[in-house]
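Down below is the structure, laid out as structure tokens.
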Amino acid sequence: MSDPVSSLAGTVFRMSDGVRIIADVGGDPAAPTVVLMHGGGQTRHSWSGAMRALVEAGYHVINFDARGHGESDWSPDGVYTLSIRARDLGEILRHNRGPVAFVGASMGGATALYAVGEHVEPAPAALVMVDIVPRPNPVGTGKIKAFMGANPEGFASLDEAADAVAAYNPHRPRPKDVSGLARNLRLRDGRYFWHWDPRMLDSGNQKVREERLLAFAGGLTMPTLLVRGLASDVVSEEGVAEFRSILPALEVVDVVGAGHMVAGDRNDAFNSGVIGFLERHMPPR
């Protein structure tokens, strides 16, 4: 494995299997590190506002595209287990010497929980799970998989892609300027395709994965925060109650007016809740 290097695309971390992970890295390297992990089908750009706020708060921040997403490479064998994603996290942090916090949304939160449960080093000083619990609502996760599996033929224009996003997120206003979507799409043969590997949708047995996440949650010893969008259909009251029964010390921040994409829906409230939690449990200085 080589050391991380900078490129026009960002910082490049090369994994042991040769996959390149692309990241934005900011803040003082001597400060405590916050790692941002996006959800399935997203890219690191979903954390842009949160990353700026964390750097301004005094943290060192690593915000990366998960394998199979964005500018990072796809797995050559098409395999994307949470164990592999947890291993990637450990390799990205292999040179880290100070305290670190994991902040993961949806797939990123599950990755963080796997990393802790499978004893990937370094262990975090704090954990933030963003709209994900060990046993999510199958209605919400089903909608995500349906959205990601739709339009395999791509889109004729950015407007078509924006229409698909608006149909999936009806509570969020459709942007008048859709140019920002280009960061989440690849133009190929005159059509736009999402920046993720469709093979990742074949991700194994959901029930087995949930049982492992529940077991890992029971072993958490670091301060843990759940940030939930109150309009989300992925995290139910039953899911939160079950998480709390396993981890009585769990802290919960409910974000009014936010769906599953909490940081994108209410970035101000999200940043306030997460930074307040981190400043109590892993202060920047």
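Side chains included, hydrogens not; waters and symmetry mates left out as well; all remaining heavy atoms used.
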Task: Taking every non-hydrogen atom, the tightest pair across Val130 and Val103 - done: CG2-CG1, 4.1 Å
TODO: Evaluate the criterion salt bridge (charged side-chain N to carboxylate O under 4.0 Å, His left out) for residue pair Asp73 and Arg20; output intermediate values, then yes/no.
DONE: CA-CA 5 Å; Asp73 290 343; Arg20 295 172 309 128; 2.9 Å; yes
Task: Reference residue Arg44; test side-chain hydrogen bond (donor to acceptor under 3.5 Å, both in side chains); the match among Glu71, His69, His38 - done: Glu71
Task: Any donor-acceptor N/O pair, His60 side chain to Ala30 backbone, under 3.5 Å - done: no
Task: Under-4.0 Å salt bridge between Glu251 and Arg244 - done: no
- [ ] Using a 4.5 Å cut-off on heavy atoms from C-beta on, say whether the side chain of Phe64 contacts that of Ile22.
- [x] no
Open item on the list: Donor-acceptor pair, distance only, cut-off 3.5 Å: does the side chain of Arg85 make one with the backbone of Leu82?
Closed with: no
Open item on the list: Would you compute the distance between atom CE of Met107 and atom OH of Tyr114 and round it to the nearest 0.5 angstrom?
Closed with: 13.5 Å
Task: Ile21 side chain near Asp65 side chain, heavy-atom distance below 4.5 Å - done: no
Task: Ser157 versus Asp159, side-chain donor and acceptor atoms under 3.5 Å - done: no
Task: Lys/Arg-Asp/Glu bridge criterion (N-O < 4.0 Å) met for Asp17, Arg87 - done: yes
Open item on the list: Do the side chains of Arg199 and Asp77 get close enough for a salt bridge, i.e. N-O under 4.0 angstrom?
Closed with: no
Task: Point-to-point distance, once rounded to the nearest 0.5 Å, from CD1 of Ile275 to CD of Glu279 - done: 6.5 Å
TODO: State whether a side-chain donor-acceptor pair under 3.5 Å links Glu118 with Ser83.
DONE: yes
Task: Any donor-acceptor N or O pair under 3.5 Å, side chains Arg67, Ser75 - done: yes
Open item on the list: I'd like to know if the side chain of Asn151 and the backbone of Glu153 have a donor-acceptor N/O pair within less than 3.5 Å.
Closed with: no
Task: Phe270 ring center within less than 6.0 Å of Trp47 ring center - done: yes
Task: Aromatic ring pairing Phe147/Trp194, orientation class (parallel under 30°, perpendicular over 60°, tilted between) - done: tilted
- [ ] For the pair Gln42 (side chain) and Gly39 (backbone), establish whether a donor and an acceptor sit closer than 3.5 Å, ignoring hydrogens and angles.
- [x] yes
Task: N/O donor-acceptor pair under 3.5 Å between Ser272 side chain and Ala269 backbone - done: no
TODO: Kindly give the heavy-atom pair with the smallest separation between Met148 and Met200, and that separation in Å.
DONE: CE-SD, 4.2 Å
Task: Electrostatic pair Arg135-Glu211, nearest N-O below 4.0 angstrom - done: yes
TODO: State, without any angle test, whether Thr43 and His195 hold a side-chain donor-acceptor pair at a distance under 3.5 Å.
DONE: no
